[in-house]
Protein chains: 2
Amino acid sequence: MKREQIKHSIVRGLKEQGLKLTPQRSAVVEILTRDKSHPSALTIFRAARETRPSISLSTVYATLALLKKHRLIRELEFEGMDNRYDMDTDNHFNLICLQCGRIEDYINPAPVLPEVVEKQTGFRIHDVRLEFYGVCSTCAP
Amino acid sequence: MKREQIKHSIVRGLKEQGLKLTPQRSAVVEILTRDKSHPSALTIFRAARETRPSISLSTVYATLALLKKHRLIRELEFEGMDNRYDMDTDNHFNLICLQCGRIEDYINPAPVLPEVVEKQTGFRIHDVRLEFYGVCSTCAP
DNA sequence: CCCTCAAGCAGGAACCATTCCTGTTTGAGG
DNA sequence: CCTCAAACAGGAATGGTTCCTGCTTGAGGG
């Protein structure tokens with residue numbers, strides 16, 4: 001899915017739920033679709049300040065909470081760092097570099113299907129987290 | 001591996017690194033091997049108080065940090081709850097019940113091997129986290 | 001047009017698991 | 001028994017996130 005499409009689907013998602021697309025929210029969504037590096041709330045806040053200097057950190061948090069609540073974005077909680085936010089709600093692996101903080105995606109060729117686990121364990125699964133922590137090829141060549 | 005064996009391997013691990021097995025540390029290790037529910041620092045602290053009323057929360061945290069540093073236990077950071085601690089350093093899935101907080105283990109029949117991912121991506125992997133969030137069979141029958 | 005009023009916002013205080021700091025205790029090796 | 005570094009208890013500090021308060025905005029009705 002392309003950037004503009006993703007942005008559109010979020011904006012549409014907001015409207016469908018009867019929520020307003022304020023300039024502040026628009027700025028947050030804009031940054032989320034532009035920045036592919038799974039930015040943190042603070043990173044989003046700082047970027048949003050450039051186009052909208054009066055925006056507050058609380059508003060960024062509120063907007064992210066709103067989008068998360070309506071399942072338009074995903075909140076990722078990594079070890080030893082701030083929460084990060086992601087448009088991609090698909091279940092894929094995240095590769096987290098402990099040195100530079102970069103987060104890459106990795107498509108699992110043989111995925112573990114939640115349906116199978118549900119059947120085997122009786123758990124009703126809502127969310128999946130698949131993460132590898134290590135050092136990326138740039139930091140440790 | 002049985003409880004006593006695990007406890008022994010941790011005690012041995014401590015001694016091999018030249019670390020003292022103080023009564024406080026012994027209490028923490030005892031609880032970790034007894035409580036299979038991946039307890040939090042506070043849970044361990046409260047349990048330790050029963051046999052050793054003078055132990056402080058800082059000491060529990062310090063002991064857990066020490067064991068983690070020497071890779072004798074694993075620190076698990078879950079979404080929306082306190083960190084939990086686990087003796088089992090193997091790579092297995094965790095099933096987390098969002099309702100009662102219970103954490104079960106799930107052995108993946110077709111594991112994703114870190115070595116394969118390393119070869120494909122150039123990442124040097126140190127740690128793996130595989131988690132399913134949902135509702136357990138007891139909470140949603 | 002203007003009014004109303006709820007939703008949204010900015011700024012800052014509060015929260016709380018975890019870490020850090022300080023002075024005291026402990027116990028192993030001399 | 002002495003010494004001294006490691007370990008400890010208690011409490012203060014930290015910092016990302018959430019909560020609170022009073023102000024702003026803009027859509028809908030008159």
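Below, chain A is the first sequence line, B the second, and so on; all start at residue 1.
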For Phe132(A), enumerate each residue passing the ring pair (Phe, Tyr, Trp, His ring centres under 6.0 Å) test, keeping only those at least two apart in sequence or located in another chain.
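Only Phe93(A) meet the ring pair (Phe, Tyr, Trp, His ring centres under 6.0 Å) criterion with Phe132(A).
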Next on the checklist: Going by ring pair (Phe, Tyr, Trp, His ring centres under 6.0 Å), name the residues that satisfy it together with Tyr85(B), two or more places apart in sequence or in a different chain.
Outcome noted: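 Tyr85(B) satisfies ring pair (Phe, Tyr, Trp, His ring centres under 6.0 Å) with no other residue.
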Handout entry: By side-chain contact (heavy atoms from CB on, under 4.5 Å) - contacts of Arg46(B) (at least two apart)
Key =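 Here the qualifying residues are Leu42(B).
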Got a sec, which residues hit side-chain contact (heavy atoms from CB on, under 4.5 Å) with Ser37(B), two or more places apart in sequence or on another chain?
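Per chain and number, Ser37(B) pairs via side-chain contact (heavy atoms from CB on, under 4.5 Å) with Asp35(B).
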So the contacted stretch of DNA chain C, first to last nucleotide with an atom under 4.0 Å from a non-hydrogen atom of chain B, runs from dA17(C) to dC20(C)
Rounded interatomic separation in angstrom, taking CG from Leu21(A) and P from dA27(D) =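 Distance, rounded to whole Å: 12 Å.
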Whether each nucleotide of nucleotides 7-20 of chain D has a protein heavy atom under 4.0 Å at its base (B), only at its sugar-phosphate (S) or at neither (-) is summarised, 5' to 3', as SSBBB----SSBB-
Hits for salt bridge (Lys or Arg N to Asp or Glu O under 4.0 Å) against Glu131(A), two or more places apart or cross-chain, chain-then-number order -> Arg129(A), Arg129(B)
Tracing side-chain contacts under 4.5 Å among Ile, Leu, Val, Met, Phe, Trp and Tyr outward from Leu76(A) reaches Phe78(A), Met81(A), Ile96(A), Leu98(A), Ile103(A), Tyr133(A)
Any chance you could pull the hydrophobic cluster mates of Leu113(B), using side-chain heavy atoms under 4.5 angstrom and chaining through other members?
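Direct or chained contacts put Leu113(B) with Val116(B).
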Checklist entry - Under a 4.5 Å cut-off applied to non-hydrogen side-chain atoms, are Leu67(A) and Leu14(A) in contact? => result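 Of all side-chain heavy-atom pairs linking Leu14(A) with Leu67(A), at least one is under 4.5 Å.
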